[in-house]
Amino acid sequence: MSELILETSTASMRRNFWRGVWRVMKRKPSRMAGVVILFGFTVMAVIGPLFYPENLPYDPNAKYAPISWEHWFGTDGQGKDVWAQLVIGSRYVLLSALVTGVITVVVGAGLGLFSGFKRGRWDTVLMRLTDMKLTIPGLPLLLVLSTVWSFGSAIEMGLVLGLLGWGGVARAVRSQTLSLRERGFIEAARGLGLSTTHIVGKELLPTMAPYIAMNMLVAVTGAVYAQVGLFFLGVLPYEADNWGVMLNLAVFGGGAMTTTAALPYLLAPLLAILLLTLGIVLVVDAMDEIFNPRLREE
């Protein structure tokens with residue numbers, strides 16, 4: 001009987017949570033616009049590449065064709081459709097960014113929560129490891145790795161970026177945890193003899209959920225910039241479909257900075273990055289209210 005009551009209560013809490021989320025998102029149309037933008041990019045990355053062949057056809061007679069109904073963003077220097085390249089490249093960009101965000105949050109938030117709550121010897125050891133991690137320069141290390149690693153897989157790229165980016169999150173989450181652990185509800189939980197796992201997972205983590213969620217979205221944005229930048233600079237081989245490759249070929253191969261013929265080829269990935277960033281920023285705006293019941297009720 002008690003299990004049934006518990007399940008009913010849990011289901012009711014979930015329904016109330018999602019109703020609150022819906023109210024928060026409807027409160028500002030810009031938030032709904034952010035959700036629509038992110039959903040659109042997700043659909044494009046998951047389903048879009050299925051509509052195009054592995055090797056896009058090219059037409060030597062249609063080099064840098066202008067924007068038209070047939071070619072929404074024109075064509076590149078080989079006559080390949082720019083929109084098709086944008087869609088195909090979105091899978092690599094978004095998958096690697098998602099992997100980066102997950103690893104950054106799981107490792108960084110996990111270490112920060114545990115270190116800030118336990119303090120003492122554990123805190124000292126984990127924070128020294130974090131400080132050592134923060135002293136490692138990310139870009140030079142990526143440049144060195146690129147000499148022996150092609151990063152042809154989006155998961156490989158996300159794994160490396162995630163392992164290089166969790167230090168700042170760990171430090172920030174630890175600071176928040178040190179502040180929260182002195183609050184009354186945490187003191188009460190410790191006084192009841194609850195386990196560390198319970199206090200961290202049931203008391204601290206829900207309170208810090210909006211902060212952690214925002215850090216994940218920020219990590220996703222940073223991962224997009226990092227990988228696109230590496231491909232644009234040409235330090236990674238062109239074995240992967242990526243918006244950075246498009247930017248590199250448009251600027252250094254098509255002369256997009258000096259001629260208008262290749263300008264659509266340059267603007268397409270830039271607009272995609274700008275729109276993706278805008279969607280993330282608009283969703284981040286709603287995080288505080290989504291995870292804070294008192295703000296949702298106002």
Side-chain angles (χ1 to χ4, degrees), residues 36-100 142-143 146-147 149-158 161 220-221 223-280:
V36 171
I37 291 172
L38 295 185
F39 179 76
F41 273 104
T42 302
V43 171
M44 183 171 74
V46 174
I47 301 177
L50 301 177
F51 292 95
Y52 298 99
E54 184 176 350
N55 296 313
L56 290 174
Y58 62 91
D59 183 1
N61 298 319
K63 294 181 179 180
Y64 296 118
I67 296 174
S68 63
W69 285 110
E70 184 180 0
H71 304 293
W72 293 358
F73 283 101
T75 61
D76 65 2
Q78 293 181 321
K80 294 182 179 180
D81 185 69
V82 173
W83 169 254
Q85 295 181 59
L86 192 71
V87 172
I88 294 173
S90 65
R91 177 173 291 182
Y92 186 106
V93 172
L94 294 186
L95 179 57
S96 60
L98 178 62
V99 172
T100 300
L142 284 171
L143 295 177
S146 67
T147 61
W149 202 346
S150 66
F151 293 100
S153 167
I155 296 178
E156 293 174 356
M157 174 64 79
L161 291 177
V220 167
T221 306
V224 171
Y225 295 155
Q227 60 175 295
V228 169
L230 288 171
F231 279 103
F232 170 71
L233 292 174
V235 298
L236 296 178
Y238 299 157
E239 297 178 4
D241 294 307
N242 190 286
W243 296 342
V245 175
M246 297 176 64
L247 291 172
N248 180 284
L249 295 176
V251 173
F252 301 112
M257 304 299 291
T258 58
T259 177
T260 58
L263 195 57
Y265 191 31
L266 173 68
L267 291 179
L270 287 178
L271 289 175
I273 295 170
L274 177 63
L275 194 60
L276 177 61
T277 305
L278 176 63
I280 292 174

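Just so you know, residue 1 is the first one in the sequence shown, and it goes up from there. Computed from a predicted model, the values in this text were never measured in an experiment.
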Drop me the distance from [X]'s [atom1] to [Y]'s [atom2], to the nearest 0.5 angstrom.
X: E156; Y: L161; atom1: CD; atom2: CG; result: 12.0 Å
X: M246; Y: L266; atom1: CE; atom2: CG; result: 9.5 Å
X: F73; Y: L263; atom1: CZ; atom2: CG; result: 11.5 Å
X: N248; Y: L233; atom1: CG; atom2: CG; result: 8.0 Å
X: L267; Y: L247; atom1: CG; atom2: CG; result: 9.5 Å

Minimum heavy-atom separation for G74 to D81, with atom names?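 Closest pair (atom of G74, atom of D81, distance): O-OD1, 3.8 Å.
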
Least distance between heavy atoms, A97 atom then V224 atom: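 In terms of heavy atoms, the two residues are closest at CB-CG2, 3.8 Å.
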
Taking only distance into account, with no hydrogens and no angle test, what donor-acceptor pairs under 3.5 Å do side-chain atoms of residues 36-52 form with protein atoms, sequence neighbours excluded?
from	atom 1	to	atom 2	distance (Å)
T42	OG1	L38	O	2.8
Y52	OH	W83	NE1	3.4

Does any donor atom in the side chain of T277 or Y225 lie under 3.5 Å from an acceptor atom in the other side chain?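 T277 vs Y225: donor-acceptor pair found between side chains.
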
Does I155, at its CD1 atom, have more than 12 non-hydrogen atoms belonging to other residues, nucleotides or ligands within less than 6.0 Å?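 Check fails, neighbour count at 12 or below.
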
Counting N and O atoms only, with roles assigned by atom type, does the side chain of W243 sit under 3.5 Å from a partner on the main chain of L86, one being a donor and the other an acceptor?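 Such a contact is found between W243 side chain and L86 backbone.
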
For S96, check side chain to side chain donor-acceptor pair (under 3.5 Å) against everything at least two apart and list the hits.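 Expected list: Q227.
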
